[in-house]
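Structure, as C-alpha cells:
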Amino acid sequence: MRLDNMLLAEGVAGPEKGGGSAAAAAAAAAAGSPTDNSIEHSDYRAKLSQIRQIYHTELEKYEQACNEFTTHVMNLLREQSRTRPISPKEIERMVSIIHRKFSSIQMQLKQSTCEAVMILRSRFLDARRKRRNFSKQATEILNEYFYSHLSNPYPSEEAKEELAKKCSITVSQVSNWFGNKRIRYKKNIGKFQEEANLYAAKTAVTAAHAAAAAVQNSQTNSPTTPNSGFQMKDEEFQLDSAENKNTLLTNMFTGGYPAPCYQSDGRIQ
DNA sequence: AAGAATGATTGACC
DNA sequence: GGTCAATCATTCTT
C-alpha cells in the first residue's frame with residue numbers, strides 16, 4: 001500500500017481512519033523534521049498543508065453527499081414500499097452499493113492527493129538540487145577568511161555563523177564551501193597560488209594601513225600574512241615560522257610559488 | 001558544444 | 001558530529 005503509506009507519512013491521513021490515526025502520528029514522528037533550508041522548506045510545508053486541507057474538506061464533502069444520497073434513496077424506497085413489498089435485504093443491498101461507489105470516489109480523491117504530494121515533493125527536491133553560484137561578495141568574504149586562516153582553515157561554529165550571516169547563505173553552505181575549498185586547494189596548490197597571493201596581498205595591505213597608522217616611525221614592514229599552505233594542526237607552529245612568512249612575502253611580490261607544506265600521508269586533521 | 005568551475009551529496013573514517 | 005574524498009549536477013567560460 002504505497003499510496004496509503006505516503007499519505008500517512010505526509011500526515012494526510014484523516015481522523016476517519018479511526019485506529020489509523022495513531023499510526024499516522026507515529027509515521028509523522030518517524031519522518032523527523034529536517035529543519036534546514038528554512039525558506040524553501042517552509043514554503044514546501046505551507047503547500048503541503050494546503051493540499052492536506054483541500055483533501056480533508058473534499059473528503060468531508062463526499063461524506064456528507066454520501067449520507068444525503070443514502071437518505072434520499074431510503075426515502076425513495078420507502079415511497080415505493082407503498083406500491084410493492086421491499087425486503088430489508090434489498091435496502092441493505094442498495095445502501096452498500098452507494099457506499100461502495102462513494103468509497104471508490106474517496107479512493108480516487110486520495111490518489112489524486114497523493115499525486116499532488118508527489119509532484120510537490122519532486123519539485124522541492126529539484127529546487128534543492130538546482131544550485132546557484134554564490135555572489136561575488138560572498139566568495140570574496142569566504143576566500144578572505146580562508147586565505148587569512150590558511151594555517152588552520154577550519155572556522156569554528158561561531159565563525160561559520162558569522163560568515164553565513166555576512167554572505168547571506170546558510171551555515172551548512174559555509175561548511176560545504178570550506179570542505180570543497182580545503183580539498184581543492186590541497187589537490188592543486190599551484191592553481192590557487194595566484195588567488196592566495198591576491199588575498200594575502202589584500203590582507204597585507206589592510207594590515208599595513210593599520211600598522212602604518214599605529215607605528216609611523218617603525219621599520220616593521222611585515223604585517224601578518226597567511227601561511228603558504230595549510231598543514232596538519234601539529235605542524236602549525238613549526239611552519240608558521242618567521243622564515244616562512246618572509247618567503248611568502250617575497251613570493252607575494254615576485255609571483256613565485258612557495259613550496260607546499262603537506263605531509264605525504266595524513267588527512268588535514 | 002566542450003571543458004572548467006563550483007555547490008551539493010554521499011559514504012567512509014576517526 | 002565534523003571532515004575528507006569522490007562524485008554528481010548545474011553553471012560559467014572559452
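Chain A is the first sequence line, chain B the second, and so forth, proteins listed ahead of strands; every chain is numbered from 1.
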- line: Heavy-atom nearest nucleotide on DNA chain C taken for A:Asn180 and for A:Ser175; more 5' hit belongs to A:Ser175

field: Distance in angstrom units between A:Phe178 CZ and C:dC4 P, rounded
entry: 12 Å

- request: May I ask you to evaluate whether A:Lys191 reaches the phosphate of B:dA5, defined as a side-chain N or O under 4.0 Å from OP1 or OP2?
  value: yes

field: d(CG, A:Asn188; P, C:dA6) in whole Å
entry: 14 Å

message: What is the separation between atom CZ on A:Phe146 and atom P on B:dT6, rounded to the nearest whole Å?
response: 13 Å

query: B:dT6 P sits how many Å from A:Arg182 CZ, rounded?
result: 17 Å

field: Residue-phosphate contact under 4.0 Å: A:Asn176 side-chain N/O, B:dG7 OP1/OP2
entry: no

- request: Ignoring backbone atoms, establish whether A:Tyr185 has a side-chain N or O less than 4.0 Å from OP1 or OP2 of B:dA5.
  value: no

task: Look at A:Gln173 and B:dA8 and indicate whether a side-chain polar atom (N or O) is within less than 4.0 Å of OP1 or OP2.
output: yes

query: For B:dA5, does either OP1 or OP2 sit under 4.0 Å from a side-chain N or O belonging to A:Arg184?
result: no

task: Could you work out which one of B:dG7, C:dC4, C:dG2 sits closest to the side chain of A:Tyr154?
output: C:dC4

- prompt: What is the distance, rounded to the nearest whole Å, between atom CG of A:Asn133 and atom C1' of C:dT11?
  reply: 6 Å

field: Donor-acceptor pair between A:Arg182 and A:Asn180 side chains, under 3.5 angstrom
entry: no

Nucleotide B:dA5, atom P - distance to CZ of A:Phe134 in whole Å: 18 Å

- prompt: To the side chain of A:Lys186, which of C:dA5, C:dT10, C:dT3 is closest?
  reply: C:dA5

task: Kindly state whether the ring of A:Tyr185 and the ring of A:Phe146 have centres lying under 6.0 angstrom apart.
output: yes

field: side-chain N/O A:Lys187 vs C:dA6 OP1/OP2, d < 4.0 Å
entry: yes

message: Is it the case that the side chains of A:Glu58 and A:Gln106 hold a donor-acceptor pair, with the cut-off being a distance below 3.5 Å and no angle test?
response: no

- prompt: Want to settle it: does A:Lys160 or A:Arg132 sit nearer the 5' end of DNA chain C, counting the closest nucleotide to each?
  reply: A:Lys160

- request: Determine, using ring centers only, whether A:Tyr147 and A:Phe192 are less than 6.0 Å apart.
  value: no

query: Rounding to a whole Å, what distance do you find between A:Lys181:NZ and B:dA8:P?
result: 15 Å

- prompt: Is a donor on one side and an acceptor on the other found under 3.5 Å between the side chain of A:Thr206 and the backbone of A:Lys202?
  reply: yes

field: Protein-nucleotide distance (A:Leu142, atom CG; B:dA8, atom P), rounded to Å
entry: 11 Å

